[in-house]
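Chain naming here is simple, since letters A, B, ... match the order of the sequence lines and numbering starts at 1 in each.
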Amino acid sequence: MSEINVKFGDIQRSVPAPATVIDALKALDRDALKGSIAAKVNGQEVDLNAELTATDEVLSIEAITADSRDGLEVLRHSTAHLLAAAVLELFPGTKLGVGPALMEDPRYGFYYDVIAPRQLTEADLPVIEKKMREMAKRDLRYRRDVVDKSAILEMFEGRDEPLKCELIDEKVDGTASVYYIDGSPFVDFCLGPHVQHTGKLKAFKLLALSGAYWKGDAERDQMQRIYGTAFASQEQLDAWLKQREEAEKRDHRKLGRELDLFSIQEEYGQGLILWHPKGGIVRMEMERLLREELERRGYSFVFTPHIAKRELWVTSGHEGNYADSMYAPTSIEDEEYRLKPMNCPFHIGIYKASPKSYRDLPQRYSEMGTVYRAELSGTLHGLMRVRGFSVDDAHLFVRPDQVHAEVADCLDFAIKVFETYGFDKVKFELSVRGAAENKGYLGADEDWAAAEDQLASALKERGISYERIEGEAAFYGPKIDIKIEDAIGRVWQLGTIQLDFNLPERFELEYTGDDNLKHRPFMIHRALFGSIERFFGVLIEHYAGAFPLWLAPVQVTVLPITDRINDYADQVAAELRNAGFRVESNTRSDKIGAKIRDAQMQKIPYMLILGDQELENGQVAVRERKQGDIGAMSLAEFKEMISKQKAERSL
RNA sequence: GCCCAAGUAGCUCAGGGGUAGAGCGCAUCCUUGGUAAGGAUGAGGUCGCGGGUUCAAAUCCCGCCUUGGGCUCCA
């Protein structure tokens, strides 16, 4: 066949064989090549210089442009290869792992895992980046080849790349696609596509160096991971860097110090939070909101100790499955005790304290339960990952026919709370048992199926979009997880709603049914904030420290212009305090500009500026932290305005 | 826990083999000024901890601790 039929949108042409994608695109549309870095042929991504194979059918060709998502992925993936090539040039003998583009992670655009002949340090990054730029300028070609499995294995064995060989052995069946960057020592086992040559890569930057385990397995070799990002243009890269800088200003650790909310001090221990008075106020308000909802929804309040006998943790299974995360036992009069990592066994104790009838269910026990977990030091992170924290925990003991309604109410509860805080990017995940391996999962298949069904239908009824995740369920039952992003896009788990078939079994929980027989209740573990520390961290970043009035540690600050006004200022402050507001008055001998600046930096919602005029008219001049001066009004009017905001918890 | 980096005043940071610096904050005094920084003076530091090298270490070397970015793990 000497002709190949191709189409591009509505246009259809024939090009003489042999032809590459470029030839076809040129023939089809003179502009199509502009901005393209790769293409799709019948939906399959290929390089621009890929040969077209002539068939009877018409090949549908689409251009992948640098500014599309697919294009960006090609760009980033190609840049990862350029990175590896530069490392190989600078450090001959470097072994390569994998180097994908990252499209979902807002922090980075790509990485490459390497084992260099010596440990790389951050000081090497600028050197490697410089080499990449040099190589980019030389327009080195990305060249694809297809070879037999034996040939590719031989090639990588020859290069002494055992990890690559392992990967190839697992993934290749028959033939494999390899990529070269001509004029560099780089070869990789890769499907592509890539840009035509390194000159297409213009806007990239290396960002970080870290350790990473081969295949994510802590037992395997530790490699060094070099992170970077790439964009279609320098402007986009600059904008991204600027935005990242802005996001870093919202870091809860930085704001926590500046706003005097909390601290973590070396002398007290890693991952242990000291809540300062201003953080304490926010926490009280968070708990107040919760308590109101808990009461409304028929929960009861319980309180339980921080330690329990070791045998209890054997019964609960924590000694078997969770001991690594628990603090070591401590002995009292020959009896061993352990600090609690979870609250569940205690709530079970309360349930078991007296026999239950089906009429008593559901029982809903809630508690701000403080737990301690011996997390690895490298995982600790401000308020987000700590070793001692309080969970807004609740355990619901329910009959099988009540599961659905209770889960639904938990979801409503969660939605209500998240709406109040103004979170819009909440993610729900339904974690279910993996289809493939049944290992470790407790309970009968029909229980799992029914439970998943209950969770899924509750989500659907609420119109909540969620992601179903296989194999992420707890070993004792499926769950719904609630997740949210921090300022720089890291995702943190907050709430969780989990069904549990296991603990009721282990603790032999029962209730008497209407048939006068013993039945086993289901247990629902649920937390909405997850950890109040983590939730606080997320809140700080969400508001960038500017808490809405109802949460703000200081709601109003009174700023007299001269010392003459100090008495009036104290009087105004006292009146607001009596009305239940958190007020400060700044009677220092600073100029009004300095007092305002201070208040702005403390992100106090309202400033009352008082001078001779206000004293004379019995008014207050109101400045709102975002709008600025909103004019003078009577104190009564101001009080009414903020009372309304407080009552409505407005944002 | 593992890889890389960093720890100097309350905070942000400069300096660097020969007895410690700035700005902000804090204290006192002067100033009483209408919507994001008025002025002066002063108090604050075993330069993370321990060891080594050296006549001399905050500075160089080693170990540890803590923090930061990741990996694994997880609320």
Check your understanding: Donor-acceptor pair, A/E129 side chain versus A/K205 backbone, under 3.5 Å?
Key -> no

Review point. Should A/Q224 be listed as having a side-chain N or O under 4.0 Å from OP1 or OP2 of B/C4?
Key: no

Check your understanding: Taking OP1 and OP2 of B/U35, is either one under 4.0 Å from a side-chain nitrogen or oxygen of A/R597?
Key -> no

**Study point:** Selection from B/G34, B/G33, B/C71 that lies nearest to any side-chain heavy atom of A/R564
**Key:** B/G33

Review point. With a 4.0 Å cut-off on heavy atoms, is A/Y111 in touch with a base, just the backbone sugar-phosphate, or nothing at all?
Key: nothing

Practice item. Indicate whether OP1 or OP2 belonging to B/C74 is found under 4.0 Å from a side-chain N or O atom of A/H381. Key: no

Practice item. Select base, sugar-phosphate, or nothing to describe what A/L120 touches, counting heavy atoms under 4.0 Å on all strands. Key: sugar-phosphate

Check your understanding: What about the rings of A/Y421 and A/F535, do their centers lie closer together than 6.0 Å?
Key -> yes

Practice item. Return no unless some side-chain N or O of A/R490 is found under 4.0 Å from OP1 or OP2 of B/G69. Key: yes

Check your understanding: What is the nucleic acid contact for A/G216, judged by heavy atoms within less than 4.0 Å: base, sugar-phosphate only, or nothing?
Key -> sugar-phosphate

Review point. Of all the choices, B/C26, B/U12, B/C71, which nucleotide is nearest to the side chain of A/R257 once you look at every atom?
Key: B/U12

Review point. Between A/F536 and A/W275, how do the two ring planes meet: parallel, tilted or perpendicular, split at 30° and 60°?
Key: parallel

Review point. Taking only residues two or more places apart in sequence, or in another chain, which ones meet A/F638 in a ring pair (Phe, Tyr, Trp, His ring centres under 6.0 Å)?
Key: A/Y606

Review point. Pairs counted as Watson-Crick or G-U wobble with both distances under 3.5 Å: what dot-bracket string results for RNA chain B, using | for bases tied to another strand?
Key: ((((((((.[[[[.)..(..]]]].(((((.......))))).....[[[[[..)....]]]]])))))))....

Review point. Has A/Q493 got a side-chain N or O lying under 4.0 Å from the OP1 or OP2 atom of B/C74?
Key: no

Review point. With sugar-phosphate meaning primed atoms plus P, OP1 and OP2, does A/G378 contact a base, only sugar-phosphate, or nothing at under 4.0 Å between heavy atoms?
Key: base

Review point. Looking only at side-chain N and O atoms, does A/S377 come under 4.0 Å of OP1 or OP2 in B/G1?
Key: yes

Review point. Of the candidate nucleotides B/G1, B/G70, B/A36, which contains the atom at the shortest distance from the side chain of A/Y227?
Key: B/G70

**Study point:** Those residues that, when tested against A/A573, pass side chain to side chain contact (heavy atoms under 4.5 Å, CB included) (two or more places apart)
**Key:** A/V558, A/R577, A/V583, A/S585

Review point. Just checking A/R625: base, sugar-phosphate only, or nothing, at a heavy-atom cut-off of under 4.0 Å?
Key: nothing

Review point. Looking across every strand, which nucleic acid part, if any, lies under 4.0 Å from A/Q265 by heavy atom: base, sugar-phosphate, or nothing?
Key: nothing

Check your understanding: Hey, is CE on A/M284 packed in by over 12 heavy atoms from elsewhere, all under 6.0 Å?
Key -> no

Practice item. Mind checking A/V386 for me? I need base, sugar-phosphate or nothing, with any heavy atom below 4.0 Å counting as a touch. Key: base

Practice item. Assign A/R225 to base, sugar-phosphate, or nothing according to its heavy-atom contacts below 4.0 angstrom with the strands shown. Key: sugar-phosphate

Practice item. Can you measure from OH (A/Y327) to CD1 (A/I307) and round to the nearest 0.5 angstrom? Key: 15.0 Å

Review point. Which is true for A/L494 with a 4.0 Å heavy-atom rule: it touches a base, it touches only sugar-phosphate, or it touches nothing?
Key: sugar-phosphate

Check your understanding: What is the nucleic acid contact for A/E533, judged by heavy atoms within less than 4.0 Å: base, sugar-phosphate only, or nothing?
Key -> nothing

